[in-house]
Amino acid sequence: MEKIIEILSDLKSGVDFASAEGIVTNKIIDSIDIATLISAIEEEFDVEIGMEYMDNKNFDSAAAIWEMVQELMED
Amino acid sequence: MTITSLPFIAFLLVLFAVFYIFPVRHRWLVLLAGSIYFYVAAGAMKFLPFIVYTTFVVWICARAIGKLYEQQDVKLAEEGLDRKEKKQIKEEYKKKAKKYLLLALVLCIGFLGFVKFGKYFVEYANQIAAWSGSGRRFSAEWILFPLGVSYYTFSTVGYILDVYWKRYDYEKNFFRFFLYSIYFPHIMQGPISRYNLLGQELKKELRYNGDRIVSGMQLMLWGFFKKLVIADRLNLFCSTVFDGTERSGFVFAVAMVFDAFQIYTDFSGYTDVVRGVSQIFGVELEKNFNHPFFSKTVPEYWRRWHMTLGGWFKDYVYYPCTISGFMKELNKKTKKSMSERGSRFITVVIPVFLTWVLTGLWHGTGSTYVAWGVYYSTLITISVAFHPEFEMINKKLKINTESQGFRIFQMVRTFCCFMGGRLLTTPGSLQNTGMVIKNLIFNFDITPLVNRQLFELGMTEKDFLLIAGCLVVLWCVSMMQERFSVREKLAQQNIVIRWIVVYAAIFSIIIFGIYGPGYDASAFIYTQY
């Protein structure tokens with residue numbers, strides 16, 4: 001989870017990603033940020049994010065992203 | 001039958017009566033019959049087989065994919081499977097499902113590409129024939145452009161991709177799916193719907209709700225006002241000015257500003273009318289506009305303008321391209337050979353350019369639309385890639401980016417960028433665009449304003465004053481809509497105020513609206529796409 005927050009903070013400074021909710025829905029990060037985020041997550045956790053996971057709810061908070069990553073690692 | 005015609009209002013009244021007479025569980029069938037009638041009455045009888053074709057191909061292929069996933073789930077539920085075996089099963093079924101997906105995409109996107117680009121292939125064939133000395137000429141007249149084809153193809157293709165990516169289950173009833181595809185409020189100009197939203201809306205119990213019907217009618221009135229009073233009046237001026245290329249740059253500048261408001265009020269007016277119509281039947285359509293002229297950047301602008309198209313390209317073109325194997329490989333290579341920033345630049349540029357060139361081609365097939373796509377890709381890439389430099393400049397110049405003045409500057413800048421994009425397509429060809437730019441730079445002469453020739457180009461002085469007043473109303477309503485729901489607020493007012501507002505809207509449309517027999521301006525710009 002800390003790593004996810006670190007990646008997000010690198011992407012956008014000045015946001016408390018540990019508590020921020022609705023980061024996609026509220027346009028805190030945009031589609032170009034998501035593309036960069038995916039690349040960083042795949043590299044860090046050695047997982048592959050498929051189109052099945054490209055849903056706003058999977059990227060809307062650090063916790064949601066972490067949950068998705070855990071699911072991918074179990075797969 | 002267009003949505004601004006009296007036959008459409010008559011059609012709505014009849015459909016409304018029949019719809020609410022029918023039992024709740026059969027009301028969707030009334031909507032299906034009404035939608036088929038509307039499509040045929042809009043002069044699209046000959047196109048009906050095409051929409052049936054696309055809808056059926058997508059439905060049957062999505063059904064096959066869904067059934068494969070059901071079989072996969074049964075297999076995965078078997079006991080004693082380890083992770084490797086489960087992965088193998090998933091891959092095996094995914095491979096089979098992909099065949100059906102590709103079949104649907106080839107048959108439907110291929111068809112869309114054919115009706116959009118077919119005439120160019122015929123032109124090339126004729127050029128080759130002429131070059132080779134053969135006297136043979138091919139005709140492109142037989143290539144029809146079915147009404148609403150870009151909209152229903154995208155709505156249905158989005159559905160099959162979602163089923164393939166397991167975002168939701170497939171639709172078992174073809175007629176339910178056909179209603180989603182041909183649903184009359186969205187068939188002509190969108191919004192480009194998503195099955196998990198509109199499909200579910202059409203499945204719910206469509207019960208009578210007086211408040212919702214009144215709210216829907218108010219939205220329709222607002223849409224008619226935007227279209228008939230503003231857009232069609234501005235069209236008189238813009239079509240006259242852009243009919244030629246030898247005018248004062250000042251006249252072109254006025255026409256460019258008016259053209260931006262014309263296309264906005266035309267398209268968003270249409271969307272308001274159809275969303276209002278749909279609300280009368282208890283079905284919520286997606287929002288397509290969110291006051292785009294308040295945007296501070298170009299990317300934000302495209303999140304507020306034609307939102308369903310932008311969302312479609314983001315979900316079904318941009319993201320698949322971004323996370324494709326090719327892009328991942330490229331990302332790895334560029335990270336090794338370039339700086340982090342350079343690598344990020346490359347991985348941003350390719351999906352953005354692909355998405356925007358395709359968005360341009362969706363709007364039109366000529367070189368002007370390719371240029372339009374390249375123009376927006378370049379703007380978006382610049383805004384992303386040089387973001388640190390822009391921040392640094394703001395810091396050095398000590399610009400308060402949070403101030404109201406800076407926000408207004410950003411909005412004006414974004415509006416100018418939008419006019420730049422329109423300038424590529426509105427004059428009709430890149431050559432004409434060049435001529436307009438030449439006049440804007442070297443012939444910016446305000447004489448037409450001084451000698452009042454400006455008021456002889458389709459709009460009189462009174463029309464200019466009326467437009468100024470309407471734009472103030474548009475701005476005020478948009479400002480209110482940014483903060484709260486105007487219709488909800490209106491519903492809270494007493495009956496006298498409510499009726500004053502409604503009557504004012506009705507009479508302003510009747511008195512100031514541009515309509516009537518033989519008047520063609522009420523054709524909507526986005527229907528051609």
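If you're wondering where the values come from, they're calculated on a predicted model, not measured in any experiment. Letters go in sequence order (proteins before strands), and every chain restarts at 1.
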Polar contacts chain A-chain B (donor-acceptor, d < 3.5 Å, no H, no angle):
| unit_1 | atom_1 | unit_2 | atom_2 | d |
| --- | --- | --- | --- | --- |
| A/Thr36 | OG1 | B/Arg344 | NH1 | 2.4 |
| A/Ser39 | OG | B/Asn331 | ND2 | 2.7 |
| A/Glu42 | OE1 | B/Lys328 | NZ | 3.3 |
| A/Glu42 | OE2 | B/Lys328 | NZ | 2.8 |
| A/Glu43 | OE1 | B/Lys335 | NZ | 2.9 |
| A/Met51 | O | B/Arg167 | NH2 | 3.3 |
| A/Glu52 | OE2 | B/Lys94 | NZ | 2.1 |
| A/Met54 | O | B/Arg167 | NH2 | 3.0 |
| A/Met73 | O | B/Arg83 | NH2 | 3.4 |
| A/Glu74 | O | B/Arg83 | NE | 3.1 |
| A/Glu74 | O | B/Arg83 | NH2 | 3.2 |
| A/Asp75 | O | B/Arg83 | NH2 | 2.9 |
| A/Asp75 | OD1 | B/Lys90 | NZ | 3.4 |

Original post:
What is the minimum heavy-atom distance between B/Cys108 and B/Val157, and which atoms define it?
Top reply: CB-CG2, 4.3 Å
Subject >> Structural part of A/Ile38 lying under 4.5 Å from a heavy atom of chain B >> reply: side chain
Original post:
Shortest non-hydrogen contact from A/Glu21 to A/Ser61?
Top reply: OE1-CB, 4.0 Å
Original post:
Under a 4.5 Å cut-off applied to non-hydrogen side-chain atoms, are A/Leu37 and A/Ile65 in contact?
Top reply: yes
**OP:** Would you please name every residue forming a side-chain contact (heavy atoms from CB on, under 4.5 Å) with A/Ala62, sequence neighbours left out?
**Re:** A/Met1, A/Ile4, A/Ile5, A/Leu8
Original post:
Non-hydrogen atoms of chain A under 4.5 Å away: do they reach the side chain of B/Leu161, the backbone, both or neither?
Top reply: neither
Subject >> Side-chain heavy atoms of B/Phe294 within contact of B/Met411, under 4.5 Å >> reply: yes
Original post:
What heavy-atom pair brings A/Ile7 and A/Ala40 nearest, and what distance separates the two atoms?
Top reply: CG2-CB, 3.6 Å
**OP:** Hey, could you give me the CD1/CG distance between B/Ile346 and B/Leu330, rounded to the nearest 0.5 Å?
**Re:** 7.0 Å
